[in-house]
Amino acid sequence: MTNKLDQMMHEILNKKFNKKIHSGYDPEDVDAFFDYVNNYLREINTQANSLLASLQNAQKERDALNIAVNEKNKTIERLQNEIDELKAEGYNNQRLSSELSELKKKIGKIEEKGNK
């Protein structure tokens, strides 16, 4: 974008017109107008380059944030798997504890019968 605009501004500044003796525009007025247009185009070019740089920075930030979000999502998934495993182990431990308690009761009853 910059090269084309720079070329256009160069052409505007260096444009030469044939002079007519009795009619036409005042060459100094035309030159002043082209200077004005050229300055305006330079401002636009500067703003466009600034916006482009801002856009590129924003895209880099977005990419970095996407990477961070993906890493966080992987961590969340890993932790969820750990929670699921702990829940499953907790259920198994509760079941085993209940079965052990039942076995202790049965052993207690058997010991009572053996002591009689």
Side-chain angles (χ1 to χ4, degrees):
M1 178 174 174
T2 302
N3 291 337
K4 189 172 183 177
L5 192 53
D6 285 340
Q7 180 181 355
M8 179 189 292
M9 290 185 298
H10 178 73
E11 288 173 8
I12 289 171
L13 282 177
N14 295 309
K15 178 70 176 163
K16 301 293 179 194
F17 295 93
N18 294 330
K19 294 182 180 179
K20 291 188 177 187
I21 297 175
H22 295 290
S23 64
Y25 296 105
D26 180 3
E28 290 179 15
D29 286 344
V30 172
D31 285 343
F33 178 73
F34 281 145
D35 287 342
Y36 171 79
V37 170
N38 190 52
N39 289 334
Y40 183 71
L41 290 175
R42 282 186 199 275
E43 286 180 32
I44 290 173
N45 190 38
T46 299
Q47 290 174 359
N49 288 335
S50 176
L51 290 172
L52 183 60
S54 295
L55 176 62
Q56 290 170 341
N57 287 336
Q59 288 171 335
K60 287 178 186 176
E61 288 179 30
R62 180 206 57 208
D63 292 344
L65 289 172
N66 282 337
I67 290 169
V69 166
N70 288 335
E71 289 174 5
K72 298 294 182 192
N73 286 339
K74 287 178 186 177
T75 300
I76 289 169
E77 184 178 342
R78 181 181 53 81
L79 291 172
Q80 186 61 51
N81 288 337
E82 288 179 20
I83 289 169
D84 292 343
E85 288 174 14
L86 291 172
K87 283 181 180 178
E89 288 175 12
Y91 171 76
N92 288 336
N93 289 343
Q94 183 180 7
R95 185 180 51 82
L96 289 173
S97 178
S98 177
E99 289 175 5
L100 182 60
S101 178
E102 289 297 319
L103 285 173
K104 285 181 181 179
K105 287 179 187 176
K106 287 179 183 178
I107 290 171
K109 288 179 183 178
I110 292 172
E111 286 177 347
E112 285 177 14
K113 286 181 184 178
N115 288 335
K116 288 185 183 179

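Basis for what follows: all heavy atoms, side chains included, without hydrogens, waters or symmetry-related copies. Keep in mind that this is a model prediction, so the values were computed, not measured.
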Student: Under 3.5 Å, is there a donor-acceptor pair between the Asp84 and Gln80 side chains?
Tutor: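 Their side chains do contain a donor-acceptor pair, which is all the 3.5 Å distance test asks for.
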Student: Does Asn45 use its side chain to pair, donor to acceptor, with the backbone of Leu41 at less than 3.5 Å?
Tutor: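 Judged by distance alone, no pair lies under 3.5 Å.
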Student: More than 12 heavy atoms of other residues, nucleotides or ligands under 6.0 Å from CD of Glu28: is that the case?
Tutor: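 Incorrect, the count does not exceed 12.
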Student: Answer yes or no: is there a donor N or O on one side and an acceptor on the other, between the side chain of Thr75 and the main chain of Glu71, under 3.5 Å?
Tutor: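 Yes: the side chain of Thr75 pairs with the backbone of Glu71.
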Student: Not counting sequence neighbours, which residues clear side chain to side chain contact (heavy atoms under 4.5 Å, CB included) with Asp35? List them please.
Tutor: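 In terms of side chain to side chain contact (heavy atoms under 4.5 Å, CB included), with neighbours along the sequence ignored, Asp35 is linked to Leu13.
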Student: Determine the sole option in Val30, Asp31, Val37 for which the side-chain contact (heavy atoms from CB on, under 4.5 Å) test with Phe33 is passed.
Tutor: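 One option only clears the test, and that one is Val37.
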Student: Just how far is it from atom CD of Gln59 to atom CD of Glu61, taken to the nearest 0.5 Å?
Tutor: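 Answer for the CD-CD pair, Gln59 versus Glu61, is 11.0 Å.
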Student: State, without any angle test, whether Gln47 and Glu43 hold a side-chain donor-acceptor pair at a distance under 3.5 Å.
Tutor: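 Side-chain D/A pair, Gln47 to Glu43: absent.
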Student: Between Ser101 and Ser97 (side chain of the first, backbone of the second, donor and acceptor by atom type, cut-off under 3.5 Å), is there such a pair?
Tutor: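 Flag not set: sc Ser101 to bb Ser97 has no pair under 3.5 Å.
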Student: In this structure, which one of Lys104, Glu99, Lys105 forms a side-chain contact (heavy atoms from CB on, under 4.5 Å) with Glu102?
Tutor: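 Between Glu102 and the candidates, side-chain contact (heavy atoms from CB on, under 4.5 Å) is satisfied uniquely by Lys105.
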Student: Are Tyr40 and Ile44 packed together at the side-chain level, in the sense that at least one heavy-atom pair is separated by less than 4.5 angstrom?
Tutor: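 Yes, side chains in contact.
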Student: I'd like to check Glu77 versus Asn73 (side-chain heavy atoms, cut-off strictly below 4.5 Å). Are they in contact?
Tutor: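 Contact flag for Glu77/Asn73 side chains = no.
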Student: Would you compute the distance between atom CD of Glu11 and atom CG of Asn38 and round it to the nearest 0.5 angstrom?
Tutor: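 Glu11 atom CD to Asn38 atom CG measures 11.0 Å (nearest 0.5 Å).
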Student: Going hydrophobic residue to hydrophobic residue with side-chain gaps under 4.5 angstrom, can you get from Leu51 over to Leu55?
Tutor: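 Hydrophobic grouping puts Leu51 apart from Leu55.
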